[in-house]
Amino acid sequence: MDKKVKRYFQLKQKQKEIEQELTELRGEILVHCEDQGVSELETGKYRVKVVHQERKEYDDIKLYESLGDLEVWRLLSRPDSSKIAGLIKLNVLNEEKLKDTYAVKNVSLLQVDKK
């Protein structure tokens, strides 16, 4: 068991190092693409694509106040963008009524594929 625990610890440390390096490389690639003014790039055997998305981050208090119906709040229990989007599609919630309950966050996703 000692060997398994030791190996687990080693792998978790390696995972942290890899995630940190991935974050740094991702940032450098995004900056390079931004500096070049491109959202797609081919380099060597790889194709890079930057996809920009907007995500809504809801404010608990404002969302709760806008709902009016405690049963709907219980369905959400906490702001979950996908659940809220689903309730809007089902016409359980009115999107116009929720317009001041969230902030829009722009996110850049990085996709790297082999050609």
Side-chain angles (χ1 to χ4, degrees):
M1 186 55 135
D2 188 47
K3 286 182 181 181
K4 289 180 182 180
V5 172
K6 180 181 177 182
R7 183 65 181 147
Y8 181 85
F9 178 80
Q10 291 170 338
L11 289 172
K12 288 299 280 184
Q13 291 300 112
K14 190 179 280 191
Q15 180 183 18
K16 287 178 189 176
E17 293 169 12
I18 290 170
E19 287 174 356
Q20 182 177 352
E21 186 176 356
L22 282 169
T23 299
E24 291 170 7
L25 290 170
R26 178 184 180 281
E28 291 172 14
I29 294 167
L30 288 173
V31 166
H32 176 79
C33 289
E34 188 176 313
D35 289 347
Q36 300 297 312
V38 296
S39 62
E40 293 188 32
L41 172 72
E42 291 194 18
T43 178
K45 296 180 181 180
Y46 301 94
R47 182 178 11 251
V48 176
K49 186 175 181 181
V50 178
V51 179
H52 299 283
Q53 287 185 341
E54 287 185 349
R55 292 190 182 157
K56 295 177 181 177
E57 293 185 347
Y58 289 89
D59 179 292
D60 291 359
I61 296 168
K62 290 180 181 178
L63 180 62
Y64 177 78
E65 289 171 353
S66 74
L67 294 177
D69 184 354
L70 293 179
E71 291 302 315
V72 175
W73 179 252
R74 286 188 188 106
L75 287 174
L76 295 173
S77 73
R78 64 179 175 82
D80 180 321
S81 296
S82 60
K83 285 182 182 178
I84 294 169
L87 291 171
I88 290 170
K89 281 185 180 180
L90 293 170
N91 291 321
V92 173
L93 296 177
N94 181 325
E95 189 167 16
E96 183 63 28
K97 196 172 182 183
L98 299 179
K99 71 178 181 177
D100 295 323
T101 66
Y102 58 84
V104 176
K105 179 180 177 184
N106 292 311
V107 179
S108 296
L109 303 177
L110 179 65
Q111 298 173 346
V112 177
D113 299 309
K114 214 168 185 179
K115 291 185 197 175

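Since we're looking at a predicted model, the values are computed, not measured.
Rounding to the nearest 0.5 angstrom, the gap separating the CD atom in Glu19 from the OG1 atom in Thr23 is 7.0 Å. Residue His32 holds its NE2 atom at 4.5 Å from CD of Gln36, rounded to the nearest 0.5 Å. Note that the OG atom of Ser39 and the CG atom of Leu110 stand 11.5 Å from one another [nearest 0.5 Å]. Interatomic distance, CD of Gln13 versus OH of Tyr8, reported as 11.0 Å (0.5 Å rounding). Note that NZ of Lys49 is 12.5 Å distant from SG of Cys33, once rounded to the nearest 0.5 Å. The distance from atom CD of Gln111 to atom CD of Glu40, rounded to the nearest 0.5 Å, is 9.0 Å.
Clustering ILVMFWY residues whenever any of their side-chain heavy atoms sit less than 4.5 angstrom apart, transitively, puts Leu30 in a cluster other than the one holding Val38. Ile18 and Ile29 sit in two unconnected hydrophobic clusters of ILVMFWY residues. Membership requires side-chain heavy atoms under 4.5 Å apart, directly or through other members. Cluster annotation: Val50 is connected to Tyr46 through the hydrophobic network of ILVMFWY side chains, with a link wherever side-chain heavy atoms come within less than 4.5 Å. At a threshold of 4.5 Å between side-chain heavy atoms, the hydrophobic network of Ile, Leu, Val, Met, Phe, Trp and Tyr places Leu90 and Leu93 in one connected group.
For the pair Asp35/Val31, a side-chain contact is recorded, criterion being any heavy-atom separation below 4.5 Å from C-beta on. Contact of the Leu25 side chain with the Glu28 side chain is registered, since non-hydrogen atoms from C-beta on lie closer than 4.5 Å. Using a 4.5 Å cut-off on side-chain heavy atoms (C-beta onward), Thr101 and Asp59 make no contact.
The side-chain contact (heavy atoms from CB on, under 4.5 Å) search around Val107 returns Arg55, Lys105, Leu109, not counting sequence neighbours. Residues satisfying the side-chain hydrogen bond (donor to acceptor under 3.5 Å, both in side chains) criterion with Lys12, sequence neighbours excluded, are Gln15.
More than 12 heavy atoms of other shown residues, nucleotides or ligands fall within 6.0 angstrom of atom CD in Glu24.
Judged as a ring pair (Phe, Tyr, Trp, His ring centres under 6.0 Å), the pairs with a partner in residues 89-115 (not counting sequence neighbours) are, in order, Tyr58-Tyr102.
Between Glu96 and Lys99, at least one side-chain nitrogen of the basic residue sits less than 4.0 Å from a carboxylate oxygen of the acidic one, meeting the salt-bridge criterion.
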Practice prompt. Start with the C-alpha distance between Lys6 and Lys3, add both sets of side-chain angles, then the distance that settles side-chain contact (heavy atoms from CB on, under 4.5 Å), and finish with yes or no.
Written response: CA-CA 5 Å; Lys6 180 181 177 182; Lys3 286 182 181 181; 5.6 Å; no
